[in-house]
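Inspection log for the structure reproduced underneath, given as structure tokens.
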Amino acid sequence: MSDTASSPDARGPRAETLIIAAICVLVLIAGWYVLSQRQQTLRASPAGLDGLQVWLSSKKVSTQNFSGGWLMDQNSIGLLVLPIYDTALDKDRTLPKTKEELLQQQDEYDLKTSVIFEKAQKVPTLVVLPKWRSGMRLTGRAHPVLISEADGSASPMNKLMKDNDTELVFAEKPFSEFSYRSSEGKELQAEIYSAQMFKSKDCIPIIGKEDAMLLADCPLRSSGDTSGANVYVLSDPDLLNNHGLRLGDNVKIALDFLGSKADDRNIVIDYSRSVWLRDPSSEPERERTWADLLRFFEQPFLTLWISAGLVLLLALWRAALRYGPIRSDGAAPGASKSLAVRARARLMRLSGQDGALAREYAAARIAATAEALFGVAHARHYASEGEFLKYADRRHPAQAPHLRGILSEIRALPAHLPAHEAIHHIDKLEQVLEHITHDA
């Protein structure tokens, strides 16, 4: 055996390598599954906005949840709803070590200020500020002890708002009502539990008053070389989240306000932590498109393609019918039979039975000639001596009498026959079969 055949590379990758690769793939899949399940749990929890998406969709307002993974055309988005579950933007959160720390955790995940700025520059955005700790999501109970600290909740506002004097304001009673005039002129009442409001001199209130706004139109800080964009700021997520939609006229207010901002486009509830928005007008135009290739499948090329396909199918069908599938000689079903025939012929030669061997050879040559003339599919029918002679009478009347005579002579040969006489009869048979095979 050569060195090349025995080298490790020739045998393919080692089993250890394949096992390690499989483990790595499983770890990646498991990590992706765990992260997706965590986010799904957050979205479906009382602090999530899955109920908002279901409610708006049921009212024929195109709404979708988005957690990243593919680019979205920013021109198709009427309003980007951006819930913030991070009270300390641009800082890494500390992972809880105990169940109590988990319940008191203020941040669900880390979010960058630059991401919010970039999204707000591209599409109209509604920023939903954080309010609840993780304990509210985990226990399903909205209790004042689970409200985030004032300084922590104010941190996103101070990083995002143009007004440095922005601060949070908290209601003094359990339930607060806020008036809202719908686009049809109806008076609706928003009801919020333990309301979290804010005040800012640069914001225009939409729900609430200037010193206690629940929803407002506010300018963002300038980011880099870009001027600050205006965004809608919702200080208390209970107006839109799964916990608060059931209170007062919150569902009607959500439908009226968000539906009016959609403008026949999508409302996207964005849980992603990166920017997945793209502007088709700013992308380079491709020099080649699929239309350039499809031209070669139009007329008159289409007729040529169809004709070539039909010819190929006909050739494959005829080849399959005549020759059958390709089989390895060593693994073919008839391999053992061929070995048996060779062994039998060898025994006949050793025992001097050249006459019997000539008869066996004649039958084998008739079968081989039939296979060469008619293919594998029909060879069995013409392999018998009688059927082959009938074929010779029809197609080769000049050779048929010679063939019949030679076969009769070979059948009449004694078992023990000198080798030169057996070879003489075989030569005569080969000459006649050669004429029949080549139609000479």
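Since we're looking at a predicted model, the values are computed, not measured.
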Are Arg93 and Glu108 close enough for a salt bridge, meaning some N to O gap below 4.0 Å?
no
Distance only, no hydrogens: is a donor on one side chain within 3.5 Å (strictly under) of an acceptor on the other, for Gln53 and Ser57?
yes
Count the heavy atoms of every other residue, nucleotide or ligand shown that sit under 6.0 Å from CD1 of Ile204, and state whether that count exceeds 12.
no
Check the angle between the aromatic planes of Tyr180 and Phe257 and answer parallel, tilted or perpendicular using the 30° and 60° thresholds.
perpendicular
Indicate yes or no: at least one non-hydrogen side-chain atom of Val251 is less than 4.5 angstrom from one of Leu255.
no
Residues, nucleotides or ligands: over 12 heavy atoms within 6.0 Å of Lys252 NZ:
no
Output yes when Asp90 and Lys112 qualify as a salt bridge under the 4.0 Å nitrogen-oxygen rule, no when they do not.
no
Test: Arg273 cationic atom under 6.0 Å from Tyr109 six-membered ring centre, within 45° of axis
yes
Could you verify whether a donor N or O on one side chain and an acceptor N or O on the other, from Glu187 and Ser179, lie under 3.5 Å apart?
no
Could you tell me if the side chain of Ser235 sits less than 4.5 Å from the side chain of Met213, heavy atoms only?
no
Heavy-atom neighbours of Arg395 CZ exceed 12 at 6.0 Å:
no
Under 4.5 Å between any side-chain heavy atoms of Ile366 and Leu433, yes or no?
yes
Please check if any side-chain donor atom of Lys131 sits under 3.5 Å from a side-chain acceptor atom of Thr87, or the reverse.
no
Is Lys162 atom NZ crowded by more than 12 heavy atoms from other residues, nucleotides or ligands, each under 6.0 Å away?
no
Would you find a donor on one side and an acceptor on the other, under 3.5 Å apart, between the side chain of Asp86 and the backbone of Asp107?
no
With a 3.5 Å cut-off and no angle check, do the side chains of His438 and Glu434 form a donor-acceptor pair?
yes
Looking at Ser384 and Tyr382, would you say the former's side chain and the latter's main chain have a donor-acceptor pair under 3.5 Å?
no
SB check Asp256 Lys186 (cutoff 4.0 Å):
no
Give me the ring orientation class for Tyr391 and Phe388: parallel if the planes are under 30° apart, tilted from 30 to 60°, perpendicular past 60°.
tilted
Side chains of Lys91 and Asp110, heavy atoms from C-beta outward: is any pair under 4.5 Å?
no
Using only heavy-atom distances, determine whether the side chains of Asn65 and Asp50 contain a donor-acceptor pair under 3.5 Å.
yes
Could you point out which residue of Leu240, Leu82, Leu80, Val231 forms a side chain to side chain contact (heavy atoms under 4.5 Å, CB included) with Leu126?
Leu240
In this structure, are over 12 heavy atoms from other groups packed under 6.0 Å from Asp264 atom CG?
no
For Phe297, does the CZ atom have more than 12 heavy-atom neighbours from other residues, nucleotides or ligands under 6.0 Å away?
yes
Between the main-chain N or O of Gly48 and the side-chain N or O of Asn242, is there a donor-acceptor pair closer than 3.5 Å?
yes
Are any of the side-chain nitrogens in Asp73 or Arg278 under 4.0 Å away from the carboxylate oxygens of its partner?
no
Verify, without hydrogens or angle tests, whether Gln105 (side chain) and Ser134 (backbone) share a donor-acceptor contact under 3.5 angstrom.
no
Regarding Trp132 and Asp238, do their side chains bring together a donor and an acceptor under 3.5 Å, going by distance alone?
yes
Test: Glu387 and Lys390 ion pair at under 4.0 Å
yes
Do Asn250 and Ile192 have side-chain heavy atoms sitting under 4.5 Å apart?
yes
Stepwise, does the salt bridge (Lys or Arg N to Asp or Glu O under 4.0 Å) test hold for Arg404 with Asp393?
CA-CA 10 Å; Arg404 185 175 280 102; Asp393 290 335; 2.8 Å; yes
Say whether Ser200 and Asp202, considering side chains only, have a donor N or O and an acceptor N or O under 3.5 Å apart.
no
Can you see whether Phe117 has Arg221 sitting over its ring - NZ or CZ less than 6.0 Å from the centre and within 45° of the normal?
no
